[in-house]
Asks: 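Take a look at this one; I'll ask things after.
Below, read A as the first sequence line, B as the second, and so on, with proteins coming before strands; counting in each chain starts at 1. These numbers were taken from a predicted model, which means no experiment stands behind them.
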There are 2 protein chains.
Amino acid sequence: MKAIEITQAWNGTEKCQQCPIRDLVLFADLKEDDFRLLHLPINDLELDKGSILYEQKDEINFVYTIRSGLVKLVRYLPNGSYRIIRLLRQGDLAGIEALNGSAYLHHAIAMQSTSVCQIPVKNIEQLNSHSSHLYRQLTARWQKVQSEADIWLADLTMGSSRSRVANLLIYLADSRPDESFYLPSREDIGALLAITTETASRIIAEFKRAGALNTLRHTAKIDKIKLRHFQQKGD
Amino acid sequence: MKAIEITQAWNGTEKCQQCPIRDLVLFADLKEDDFRLLHLPINDLELDKGSILYEQKDEINFVYTIRSGLVKLVRYLPNGSYRIIRLLRQGDLAGIEALNGSAYLHHAIAMQSTSVCQIPVKNIEQLNSHSSHLYRQLTARWQKVQSEADIWLADLTMGSSRSRVANLLIYLADSRPDESFYLPSREDIGALLAITTETASRIIAEFKRAGALNTLRHTAKIDKIKLRHFQQKGD
DNA sequence: ATTATTAATTGATAATTATCAATTTACTCA
DNA sequence: TGAGTAAATTGATAATTATCAATTAATAAT
């Protein structure tokens, strides 16, 4: 287990243009001519739960688009504990820092079965120098990272543990078509919100008892109305 | 007071090339030819403490380079409280989200006397379409924002209040030539670290008593050795 | 299916932080 | 300078969360 499997390798030309999440990914705006500029192969990777997409020390030759699944960006602290800095979902870009030639800033680890496109940085650079279409996508993505980090900071680092967990669940459920989502382990919830595993567990259990959260294995659904009662004590 | 004064207006050509913080700012890599592409005037603004550089609702026509001083990016919450999302210092870029045509994401407020360059977004766009020099600076800056946000999240949102305040002071003192820095109000420290004003005050007072922090008005110096004792309880 | 292992839950208690309130200190403006 | 206002500090107490420890539930391996 914890395998990474290359299921396909291709040069963008046809495959990327038929990509079912085309409008979400980096190459959204590219024209047919642009695709001819892709020289290195793009790989399609399937990651098992727990497998590592990249680590901080890794050589940085790729950026990754998440096609499906869930990836956590993790920063390990000197004392051995860790903090989850951000979650990446469908359409998100991992390893964007590679484009500046700086090292990866975190470890990227699949939280569930995940499929990604592995795009060589050289491809991006080539495209960038010959076509301006990619530029908008890249800056837009940088901006998305930034604004999500801000929201994260505002919603998920203040207030009581209870309201932080409620906000996290609402964030996780957000924009899922069927409203069901992957519920992280209590340890990961702790690492996401800077609370202990036990506190995370108590609150999740409390939400379940109140009927605000229903789980089957790691698949969860929330009752937003009931959950809102836990969001803020003051209003 | 709380005035914003336009002290100078110029077209980049000579003025920007002589800028004393040229290597820190957006135009660092530009060549003489590039500057000829700047058509709209760049303004030099002087902000008094407390004055507002921009608000979320503002029309977004400018990005700003901080020449000196300290700016806080503030997000107001529905219940009237606020959270400081990030601090900007010399060389940092404010309002970078304007480049994607999205609204400003925060209020930007001067925490002390601050001077900034106000750069029309149109200038940036013009430069970008005619010269590739700016691209590197922009992506590098985006990346810096991202990596600092990550560090922030890891250092300033976990651990005890005491260690968070210690980390904030170390961050503020960092890279100041004379090691002296502007100490924010206790309320702002609270908004930065998601703790109450009172807790912030108690900890600052404790650091002063221990000789780990010395203040004269809002100018502060830290004793890093002594401060480290407060950083982490566990090591 | 059964055992071994890991994750989740719960309890009791200690430590931390928020809250409410009062006082002292610093700053502003006439 | 001196009164008025805002900011910082401190105290007492309540609420929240961490810590340590035990138990139960879920998952994986044979």
Asks: Give one of base, sugar-phosphate or nothing for B:S185, where a contact means two heavy atoms less than 4.0 Å apart.
Replies: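 The answer is sugar-phosphate, as B:S185 gets under 4.0 Å only of primed atoms, P, OP1 or OP2.
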Asks: Could you tell me how far apart B:L193 (CG) and C:dT17 (C1') are, to the nearest whole angstrom?
Replies: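 Rounded to the whole Å, the gap is 13 Å.
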Asks: With a 4.0 Å limit, can you tell me whether A:S201 has a side-chain N or O closer than that to the phosphate oxygens OP1/OP2 of C:dA8?
Replies: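 Indeed not, no polar side-chain atom of A:S201 lies that close.
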Asks: Using OP1 and OP2 only, check whether a side-chain N or O of B:S160 sits under 4.0 Å from C:dT16.
Replies: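 For B:S160, the contact criterion (side-chain N or O under 4.0 Å from OP1 or OP2 of C:dT16) is not met.
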Asks: In whole angstrom, give the distance that lies between atom CD1 of A:I204 and atom P of D:dT24.
Replies: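 The distance from CD1 of A:I204 to P of D:dT24 comes to 22 Å, rounded to the nearest Å.
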Asks: Could a donor-acceptor pair under 3.5 angstrom be found where the side chain of B:R202 meets the base of C:dT19?
Replies: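 Donor-acceptor pair under 3.5 Å: yes.
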Asks: Counting side-chain heavy atoms from C-beta on, which of C:dC27, D:dT27, C:dA18 comes nearest to B:R217?
Replies: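 Comparing C:dC27, D:dT27, C:dA18 against the side chain of B:R217, the answer is C:dC27.
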Asks: Under 4.0 Å between a side-chain N/O of A:R186 and OP1 or OP2 of C:dA7, yes or no?
Replies: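 For A:R186, the contact criterion (side-chain N or O under 4.0 Å from OP1 or OP2 of C:dA7) is not met.
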Asks: Please determine, by modelled atom types, if A:Y64 and A:D92 share a side-chain donor-acceptor pair under 3.5 angstrom.
Replies: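 No, A:D92 and A:Y64 have no side-chain donor paired with an acceptor closer than 3.5 Å.
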Asks: Could you pull out all residues at least two apart from B:I60 that satisfy side chain to side chain contact (heavy atoms under 4.5 Å, CB included)?
Replies: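 Partners of B:I60 by the side chain to side chain contact (heavy atoms under 4.5 Å, CB included) criterion, ordered by chain and then number, come out as B:A98, B:Y104.
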Asks: Is the shortest distance from a Lys or Arg side-chain nitrogen in A:D44 or A:R67 to a carboxylate oxygen in the other one below 4.0 Å?
Replies: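 So A:D44 pairs with A:R67 through a salt bridge.
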Asks: Rounded to whole angstroms, how far apart are NZ on A:K49 and C1' on D:dA26?
Replies: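 A:K49 atom NZ is separated from D:dA26 atom C1' by 11 Å.
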Asks: Of A:E198 and A:R162, whose nearest nucleotide on DNA chain D comes first from the 5' end?
Replies: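 Upstream on the strand: A:R162.
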Asks: Could you state the CE-P distance from B:M158 to C:dT16, rounded to the nearest angstrom?
Replies: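 Between P of C:dT16 and CE of B:M158: 16 Å.
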Asks: Per the atom types in the model, does the base of C:dT16 pair as donor or acceptor with the side chain of B:R164 at under 3.5 Å?
Replies: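 No such pair is found, so the answer is no.
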Asks: Whole angstrom is fine here: how far is it from CG in A:D48 over to P in D:dT27?
Replies: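 Checked: the CG to P distance equals 17 Å.
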Asks: Over how many whole Å does the gap from A:E206 atom CD to D:dT17 atom P extend?
Replies: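 Between P of D:dT17 and CD of A:E206: 11 Å.
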Asks: Any ion pair linking B:R186 and B:E198 (charged N to carboxylate O, less than 4.0 Å)?
Replies: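 The answer is no: the pair does not qualify as a salt bridge.
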Asks: Can you find a side chain N or O atom of B:R209 that sits less than 4.0 Å from OP1 or OP2 on D:dT10?
Replies: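 B:R209 to D:dT10 OP1/OP2: side-chain N or O found under 4.0 Å.
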Asks: Going by atom types only, do A:S68 and A:S115 share a side-chain donor-acceptor pair under 3.5 Å?
Replies: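 Distance-only check passes for A:S68 and A:S115.
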Asks: Just the rounded figure in Å: distance from P of C:dA7 to CD1 of A:I189.
Replies: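 Roughly 14 Å, once rounded to whole Å.
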Asks: Please check if the side chain of A:N167 supplies one atom and the backbone of A:S163 the other of a donor-acceptor pair under 3.5 Å.
Replies: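 At least one qualifying donor-acceptor pair exists.
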Asks: Could you tell me which residues satisfy salt bridge (charged side-chain N to carboxylate O under 4.0 Å, His left out) with B:E55, sequence neighbours excluded, listed by chain and number?
Replies: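 Scan of B:E55 (salt bridge (charged side-chain N to carboxylate O under 4.0 Å, His left out), adjacent residues dropped) gives B:K57.
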Asks: Quick one: bend of the helix from C:dA1-D:dT30 to C:dA30-D:dT1 from 5 pairs per end, to 10°?
Replies: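 The two end axes of the helix from C:dA1-D:dT30 to C:dA30-D:dT1 meet at 60°.
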Asks: Whether the B:T157 and A:R83 side chains hold a donor-acceptor pair (N or O, under 3.5 Å, no angle test) is what I'd like checked.
Replies: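 The criterion, which ignores hydrogens and geometry beyond distance, is satisfied for A:R83 and B:T157.
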Asks: Among C:dT9, D:dA8, C:dT17, which nucleotide has an atom closest to any side-chain atom of B:H218?
Replies: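 Among the listed nucleotides, the one closest to the side chain of B:H218 is D:dA8.
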Asks: Taking 4.0 Å as the cut-off, does a side-chain nitrogen or oxygen of B:K208 come that near to OP1 or OP2 on D:dA8?
Replies: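 For D:dA8, OP1/OP2 do not have a side-chain N/O of B:K208 under 4.0 Å.
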Asks: Measure from CD1 on B:I195 to P on D:dT17 and round the result to the nearest Å.
Replies: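 My rounded result for the distance is 15 Å.
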Asks: Report yes if a side-chain nitrogen or oxygen of B:S161 is closer than 4.0 Å to either non-bridging phosphate oxygen (OP1 or OP2) of C:dT17; otherwise report no.
Replies: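 Yes, B:S161 has a side-chain N/O under 4.0 Å of OP1/OP2 on C:dT17.
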